[in-house]
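Below is one structure; the comments refer to it alone.
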Amino acid sequence: MMKNTMRRVLGATLSLVMALGLLSGCSSSYDPVQEVMGYKGSTVLLTADGNDITAEEYFFWLANQMDQAANYFSMMGLETDWSMEMGDTTAGESLKEAAQNYAVLYSMVAAKGEENGYTYTKEDKEAYQEDLAKAKEQLGGDEAYEKHLKSLCISEKGFEKVSSVSYIYNHMASGMFQEGKENAPTAEDLTKYAEENDILAAKHILLLTTDATTGQPLPQEEIDQKKAKAEDLLAQLQAVTDPAQLEAKFDELMRANSEDTGLADNPNGYAFTSGKMVEEFETATRALEPGQISDIVESSYGYHIILRLDPATAEPVRLQWSDAQLQSMMDQWVEEAEVTTTETYDNLDVGEFYDKLTEYRASLEPQEDQEDAATPEDSTGEDTQNQGDASGDTPQDAAAGTQSQDKQEAGDASGDGGGEETPAE
């Protein structure tokens with residue numbers, strides 16, 4: 001259970017945090033923990049290897065877990081019962097422990113990152129601030145932003161601290177396994193990893209036969225023109241007799257001609273498992289040897305020319321391998337962390353906390369709406385349910401954010417393009 005939980009926490013950039021918009025940076029100050037629990041959000045509830053975990057950091061995760069459980073009870077038509085037995089514990093105690101695991105994980109990633117020279121940099125903070133205006137606009141302005149953070153039982157400063165871990169994680173994922181580093185993979189490592197996990201790697205040139213916005217088929221005349229262009233590109237590639245020059249030529253034509261909206265995010269191609277691409281793309285890739293190009297492959301998106309990549313040298317495979325290694329390291333960090341709890345934490349009644357949080361959320365709504373306040377199961381609201389789904393043990397798809405579709409289809413007009421899976425996957 002621990003490993004499954006840990007593997008779902010950190011998404012591409014910690015999708016829970018990203019889904020909430022990487023919010024932070026306002027000058028106003030408030031302490032929802034103080035308002036809900038009667039003590040400051042800076043109160044230390046536990047430590048992990050000597051690093052303090054504050055009340056607001058912990059309650060952020062506990063609120064998330066309990067929202068998720070309350071929504072489940074409601075969906076199943078059950079009365080919310082935090083004393084429900086679950087093996088040798090109760091639902092409430094299980095959620096309390098799960099929230100602790102999340103808080104410890106974030107603390108350990110931040111600590112290990114600093115230990116290895118990966119921190120929340122000035123550039124990270126600038127990028128973070130740039131996202132703030134967009135996030136506020138999406139939420140409906142300053143007041144909506146403030147209310148949203150309050151409903152999550154966290155302050156602006158606390159939420160920035162949680163959010164900063166995504167940057168630290170990304171720095172670690174990209175830096176710890178680079179060529180020349182102690183942890184860098186060998187060609188044998190990558191080949192074995194791809195074989196054991198049935199991972200295919202490929203680049204493609206895509207000429208769309210559907211409208212990228214509407215998904216509707218293009219006029220037949222345009223489709224015919226795309227087919228003729230694909231044939232010309234294929235002929236240019238087939239004219240290259242030196243295998244060492246083929247990928248360079250493919251890259252040149254791909255950059256100049258491909259209409260894959262995921263190309264900008266995946267310039268080195270895609271690494272994928274069975275069922276992640278449209279069937280025609282996967283089938284054609286499997287039929288190739290590394291270094292070979294396909295004939296023209298037609299899918300519901302258009303015409304593809306595919307170059308299968310050698311997993312031993314494919315950058316997308318290396319990135320997935322690196323993510324898997326970091327996930328394994330995080331599992332070990334959490335499992336080996338020395339966690340010490342305070343009396344305040346030990347005496348915490350999660351049911352009482354959630355009742356107080358639900359009452360507090362109701363107080364944040366306009367006075368005229370309070371007569372229609374929902375029951376605790378319903379009061380979490382759509383936004384809260386969404387963020388709950390994003391980090392929990394239940395639908396892992398939600399933890400992948402935009403990758404929760406059944407297929408990450410090559411050349412998807414959404415721009416996903418069959419891109420890399422998130423670390424959490």
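Both backbone and side-chain heavy atoms feed into the values below; hydrogens, waters and symmetry mates do not.
Salt bridge annotation for K134-E137: absent, with no cationic side-chain nitrogen under 4.0 angstrom from a carboxylate oxygen. The pair D67-R361 meets the salt-bridge criterion, since a charged nitrogen lies less than 4.0 angstrom from a carboxylate oxygen. By the 4.0 Å N-to-carboxylate-O rule, K161 lies too far from E56 to be salt-bridged with it. A salt bridge is defined here as a Lys NZ or Arg NE, NH1 or NH2 lying under 4.0 Å from an Asp or Glu carboxylate O, and R318 with E315 meets this definition. One finds no salt bridge joining K203 and D260 here, because no Lys/Arg side-chain nitrogen approaches an Asp/Glu carboxylate oxygen to under 4.0 Å. Taking 4.0 Å as the cut-off between side-chain N and carboxylate O, E160 and K125 do not count as a salt-bridged pair.
Between the side chains of D189 and T186, a donor-acceptor pair is found at a separation under 3.5 Å. Between D323 and Q327, the side chains place no donor N or O within less than 3.5 Å of an acceptor N or O (distance only, hydrogens not considered). In this model, a donor atom of one side chain and an acceptor atom of the other lie less than 3.5 Å apart for S274 and E282. No hydrogens or angles considered: nothing links the side chains of E57 and Y106 as a donor-acceptor pair under 3.5 Å. For the 3.5 Å distance criterion, the side chains of T121 and D124 qualify, holding a donor opposite an acceptor.
Geometrically, K226 does not engage Y303 in a cation-pi contact, judged by NZ or CZ lying under 6.0 Å from the ring centre and within 45° of the ring axis. A cation-pi contact links K150 to Y30, judged by a cut-off of 6.0 Å to the six-membered ring centre and 45° from its axis.
The line from CE of M330 to OH of Y169 is 5.0 Å long, rounded to the nearest 0.5 Å. If you take CG on N183 and CD on Q178, they are separated by 11.5 Å, rounding to the nearest 0.5 Å. If you take OG1 on T285 and CD1 on I306, they are separated by 4.0 Å, rounding to the nearest 0.5 Å. A distance of 9.0 Å separates NZ in K229 from CG in D232, rounded to the nearest 0.5 Å. If you take OG1 on T273 and CG on L200, they are separated by 8.5 Å, rounding to the nearest 0.5 Å.
Ring centroids of Y102 and Y58 are separated by 6.0 Å or more, keeping the two rings apart.
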Check: Given the rule in the side-chain hydrogen bond (donor to acceptor under 3.5 Å, both in side chains) test, do S294 and H304 qualify, once you have shown the distances and angles that lead to the verdict?
Finding: CA-CA 8 Å; S294 69; H304 309 255; over 6 Å; no
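Annotation for N51 and A111: closest pair ND2-CB, 3.6 Å, computed over non-hydrogen atoms.
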